[in-house]
Each structure stands twice: as C-alpha cells, then as structure tokens.
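Have a look at the structure below, then the notes.
Proteins come first, then strands; the chains are lettered A, B, ... in the order of their sequence lines, and each starts at number 1.
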Amino acid sequence: MTALAANVMQFARILRRAGLAVGPGKVIAALEALQAIDIADREVVFYALHAVLVERHAQSELFRMAFERFWRANGGTAQSFLLEDAAKAEMQNPIARPMSRRIDEAFALRRTPHQSGPPGEIPEMIASWSAAERLRRQDFESMSAGEMAEAKRLMATLRLPIPDVLTRRYRTSPSGSRVDARATLRAMVRAGGVIALQRKRRVVRRPPLVVLCDISGSMAAYARMLLHFLHAVTIDRDRVQVFLFGTRLTNVTREMAHRDPDEALARVATSVKDWSGGTRIGQTLGEFNRLWSRRVLGQGALVLLISDGLDRDGGTGLAVEMQRLHRSCRRLIWLNPLLRYAAFEPKSAGIRAMLPHVDDFRPVHNLDSLAALIAALSAPPKADREAA
Amino acid sequence: MPDHTPATLMPASVDDTAALLRRGGYVPDRALSTSLYLALKLRRPLFLEGEAGVGKTEVAKVLASTLGRDLVRLQCYEGLDIATAVYEWNHPRQMMAIRLAEAAGRGHDGALGRDIYSAEYLIQRPLLAALQPHRNGAPVLLIDELDRTDEPFEAFLLEVLSDYQITIPEIGTMRAVEPPIVIVTSNRTREIHDALKRRCLYQWLDYPTAEREREILKARVPQAGDKLSAQVVAFVQMLRGLELFKPPGLAETLDWAQALMVLDASELDRETVEATLGVVLKYQDDISRVRGEITQRGVEQARKAAAP
C-alpha cells in the first residue's frame, strides 16, 4: 500500500471518529481525486477532499478543522499526504476552542463513550386494569420512577395517525378514476379483441411532521416524557423532524433516528446544551423560521409545537414569528401542558401572542391527553383554516 | 437545428476549469472549480447545494455552452414520475399498430408484443434523452431543484446516477455509451437522502464575497459601471448581514443592477433604493424592516465603501 493510500485511510478514520460517514467507497474516491489533481496545492487538496468526503453543509466546519489538524500534525508541508510516517505522527495538541472537541476526541483515538442514562427500570406488570387507568390520567410531573417507566412503555406503542395527503403520482387500481393507458395497452397485447380499460388512482402518503419541543425548566418533566413519545413517532414514520428549544434551537432528528429509545435519548441528551434553562420562544422560533422553515416545511408539513408558552423575553417578537410559522405550514398544533388546569386562562404575554396563530390548541400532560391528541390528528383539518 | 460549435476539450486542470467557466461569464471560486474539475475528471455527478439565487443552475448552463455540449434539463417538482422524467410509451401509436395488425389478419402473437415495445414507440423524456449519444459528445444533464421531488423519485435516480443506465421493464436495461455530465442542484427545502449524495461530489455554494460579487457584476452587467456596481454590492452585502427571512441572492444583485440601469441611476440614493427594494427583497416583512433608517444608513455606507 502506498503512503498516500495509508494517509488517506488514516484521515478517513479521523473523520469517521468525528462523526462523518466515510465508507470505503469514499476512501477510494478520495484517492482517485488526489491522483487527478496537483497534490502540492494545499487549497486544491482541501477542496478536492471536501467535495468527495463531505455530504452536508453542516459537516464543512468539522472537515475544515480535521483537515487543518491533520495537515499541521504532519509538518504542514504540501506533501503531507505522501509522507511515510504521517499517519503515525503525534497528534495530541488539544485546541482550546470548544468547537474542536469532537476533532480532538477523534485525534486522540478515543471512542466517545455514549452517556447512557441510568439503567432503565424493568417495568413491572400492571397489577390491574384500574392501575393502568390511574396511570393514564396521572400527570407526568407527579409520577414515580416506576410509573414513568411504565408510561414510557405505553408511550412507545402510540402511533400518530395523521391523515394521508394526495400526491401527484398514480398507481393502477381497478376502482381508479383515470384510465391507465400503459396498463391498458399491455392488457390488449396479451388478450386482444375488446379493449379492457385499466384504471389508476392517486397515490396517498403521509405528510411530513415537524415537532418543536420546549425543554426549558418549566417544561422539564413533560419534555423528558414526551421525548419517548416523539421517539416512537420518529421511528414509526418517515419525514419527521424533531427540534428542541430552550434558549437555543437544536435539531435532534438524526439522534432520534436510532431505533433503541434509550440510546436515541442518550444521544439527544449529549447534543442538547440548554436543558432546563430559560425559554426564548420568540428568538428560537425566529431562528427556526430563518434557518429551517424552508428546509423542513415543504410539501405540506404539519407542525406540533410543544410548549407552555412561558417566555423569558415576555413574548417579544413572538407574534410575528408565530404568524410566519403558521403561514409556512399546513397545520399548526400547539400542545400545552398548562391546559390541564381547568381554570387555565391565557394571561402570560407569550401565550397571548401565540394563541391567535395556531389551528389547534390542546393539553398534553398525561397519557389520556396524548390519546386525545391522536384522535384529533386523525380528524380532517378544520375548515376555518383560512380565517384563522 | 441550432448551429453546433465543435465540442471543446475537457479542462485539464483546476485552473483550466476556472478559465472555462470565466469564458462563459461565470466567476467561480476555487472550491467550485476544484469540485467541478473532479466531477468531469472522475465522471461523477456534481451535487450543488445552496440558497436560492447563488448561481447553481447557471453552472450547468455555462458549462454546456462553453464545452459546446447540449444541455438536457430536468426541472423537478412534487409528483414528478417516470412518464415525465424518463420515458413514456406512445400509446396512440401502439394502439394503431395493434389495430393494423388485426386488420392485416395477424393475431396477437409474441411478435406483436415485441414490436410495439421497441424503441420506435418510445417517447424519450430528459433522463433517457441524456443517455442517448449526442452529436457533440455526451450532454450536460441538469437535474434542477431535486429537493422539490419526493423520495421515491430520488430512489429511482440512484440507478441513473451511479451506473448511467435506465431499466425499462418491457425492453431491458439501456446504458449510456458515454456518460453525461450530471449537475444536480438543491435549494435545501428538504434534506436529500445520503444514499444519493454518496454517489455525487458535494459542493455548497455560498453567497459570494464582496470582491467576487463585484467581479460577477462586472462580467454580467458591465454597463453598470464600477461606482454603481460597488455601491450595489456593498448594499446587498449589508442586507445579507441583517438576518432577514430571505436574504438577497446573487440573482437579486444582478436583477437590481439591471433595474437601476433601466432607471438611469448612476449611484444609489434613498428614494431609488426604496422604490426598487422589491427587486432585492421578496417578503413584505423584510421590505418594511429595511425601508427607512436602514436604507438611509446602508446607502451612506455603500457610498463610502465605493468611494475611491
């Protein structure tokens, strides 16, 4: 094996540890790319490897840091990728900047230990129907650890039956409304004689779902439980995007995609930095509108906003952002645990700013309310959507 | 038939690629030249992602014209299916052939089935057309705004992009003699699946730097003059720093410069800017925010920045 190949493989290993998906196919492509260019030109080497190894814009910064570290560690000369011992060069020199932590870890040849939560309690069998019934009505906030484990188990079985939307595709169907010319022709060639019209109908599929979940201090107990529900939803359907927000917005869709709920939630926990802090709803929604709405709200998405509406900024700028969000999606549903209080009145400025811009407003504090939510989602959208 | 210029040779280096694009009035940065050069050299599709109006589609157009290749364009939309993107059987002709065969007393045998499912009865749509031999060499295949289609179509593209072949159930697999130059663009209105990206070279196109934007403006709207161009670029760059809902892209800069030329403006002033904000910003929220004080300040800054 040439030194070039060895170095590219070593570099690929570092990227892999930093979280980029670099398979053997990419390593081969990277080698081909380096052979096609002038390897003495650092800038071109960088862009060439970038074009081959990076798949998303978000990975660019990580790649840049890894590349610079690799380059420096190998003497900073143009021929780094050709040096015999570059792969073995000493690479321990942690940079103080926090962003490079992942790169540091990748270079230090350590695997990041996944922070797994406390070993999950094995849910005990529910003694009787009445115990189950009580559990369904109990507030998440007041559950014991054992009850929580049981609630989580129940939650994992919940499914969101969001009504399908018509696509512009067709599929052969005997009761379809349109003539399928291609299938008709095929039938004619086979059978001959009388033309037997074959029909087709539109294909239906589920609309995309975007969840924005508040994880500030006042929501902590609910958010932790709802994450289990959200995980079940993410695993059950495609086109689900999950965002968590407190004082900042985090997209945890990729972390959520892990099949095992404990593993997925452990990954979410490590990627989110603002658990149980304050809330800046207006600001984070603004960030969502600017950076994500065009990327995830296409094709008629349905938005679930989970928040108690208690805003640290007193609702500043919230109405504008809510309006923008409402206009960008097909249906906006606000789930609010505070609704469990019968005497709930929208007094806080944040809640008053948000209320006019939602299509539906429901409680979400126990299993029953989740079941009610599911029933509501199966219902056809309200007719007064335009008037809202 | 349009007049065909003889096909230009493929660029032999990164600098060659940059020069090629510049000849077509496109000012690339080093990153784009490198990835485009590699795409041509390694015969891989190039996946261009970026905000609307940063010149993704233009890369394919300029490439086709400077290389003297045909441009085959597939504009994506939701519900795009095989019949509009790849091929369709010419049903009326097939039907006719069957009736003729019946009239001639030939029954329905295997020969007829083979007959009416031959290339003669096939209507080529962009993807299939791109795999056919072209007079000037393999065409440039532009798959525009892939994010607008749905995932099933993406899955279908995998076969086309990795092996440059298309499977038609009635005929079999059709493979390109010479693979087309494929440019895929996405506005990122949703994430494209990793499996598809893995088969491509990835390039993110960002808003240009002030210097490059001035250069582009000079290449595209030369009649605007240095002073106005510099002011327009300074103002647009200021807008991009404002966290607007939709910051103006390069396309908006060019449109604006052209609009200002039509209005005979020789430099920016507050009235002209406010009258033409709709060319640059496309959301009412953004326009009402920028109008007034921000415009005033922006014009002053732009004038200062453009002063020699």
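Within a 6.0 Å sphere centred on CZ of B:R93, other residues, nucleotides and ligands contribute more than 12 heavy atoms.
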**Request:** Evaluate the criterion salt bridge (Lys or Arg N to Asp or Glu O under 4.0 Å) for residue pair B:R44 and A:E32; output intermediate values, then yes/no.
**Result:** CA-CA 11 Å; B:R44 287 250 194 157; A:E32 284 172 2; 5.1 Å; no

**Message:** I'd like to know whether A:Q323 forms a side-chain contact (heavy atoms from CB on, under 4.5 Å) with B:D285, so could you lay out the CA-CA distance, the side-chain angles of the two residues, the decisive distance to 0.1 Å, and finally the verdict.
**Reply:** CA-CA 11 Å; A:Q323 196 180 13; B:D285 302 356; over 6 Å; no

**Asked** Given A:E321 and B:F245, is the side-chain contact (heavy atoms from CB on, under 4.5 Å) satisfied, shown in steps?
**Response** CA-CA 10 Å; A:E321 300 299 348; B:F245 183 64; over 6 Å; no

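The main-chain N or O of A:A36 is found under 3.5 Å from a side-chain atom of B:Y37 such that the two form a donor-acceptor pair.
You'll find the side chain of A:V179 stays beyond 4.5 Å of the side chain of B:H91, heavy atoms only. Using a 4.5 Å cut-off on side-chain heavy atoms (C-beta onward), B:L38 and A:I37 make contact.
Only the backbone of B:R148 comes within less than 4.5 Å of a heavy atom in chain A; its side chain stays farther off. Of the two parts of A:S293, only the side chain, counted from C-beta on, holds a non-hydrogen atom closer than 4.5 Å to a non-hydrogen atom of chain B. Of the two parts of B:F153, the backbone and the side chain both hold a non-hydrogen atom closer than 4.5 Å to a non-hydrogen atom of chain A. Interface residue A:V54: backbone and side-chain heavy atoms are both found under 4.5 Å from chain B. When heavy atoms are compared at a cutoff of 4.5 Å, A:A29 approaches chain B by way of both its backbone and its side chain. Neither the backbone nor the side chain of B:N187 comes within contact range of chain A, judged by heavy atoms closer than 4.5 Å. In this structure, the portion of B:T149 lying under 4.5 Å from any heavy atom of chain A is its backbone and not its side chain. Both the backbone and the side chain of B:E243 come within contact range of chain A, judged by heavy atoms closer than 4.5 Å.
Looking only at heavy-atom pairs under 4.5 Å with chain A, the residue among B:Q203, B:K41, B:E78 that has the most is B:E78. Ranked by heavy-atom pairs under 4.5 Å with chain A, the list B:Y87, B:F47, B:Y77 is led by B:Y87. Between chain B and the residues A:V296, A:V52, A:V44, the largest count of heavy-atom pairs under 4.5 Å involves A:V44. Your options are B:L32, B:L244, B:D81, B:D150, and the one with the most heavy-atom pairs under 4.5 Å with chain A is B:D150.
The two residues B:Y202 and A:R56 come nearest to each other via the heavy atoms OH-C, 3.6 Å. Pairing each heavy atom of B:T34 with each of A:A48, the nearest pair is CG2-N, 3.5 Å.
Here CG of B:L201 is found 12.0 Å from NE2 of A:H50. Values are rounded to the nearest 0.5 Å. The distance from atom CG of B:L42 to atom CD1 of A:I28, rounded to the nearest 0.5 Å, is 12.5 Å.
Taking 4.0 Å as the cut-off between side-chain N and carboxylate O, A:R295 and B:E191 count as a salt-bridged pair.
Looking at residues two or more places apart in sequence or on another chain, you find a salt bridge (Lys or Arg N to Asp or Glu O under 4.0 Å) between B:R240 and B:E213. For B:K246, the salt bridge (Lys or Arg N to Asp or Glu O under 4.0 Å) criterion is met by no residue, not counting sequence neighbours.
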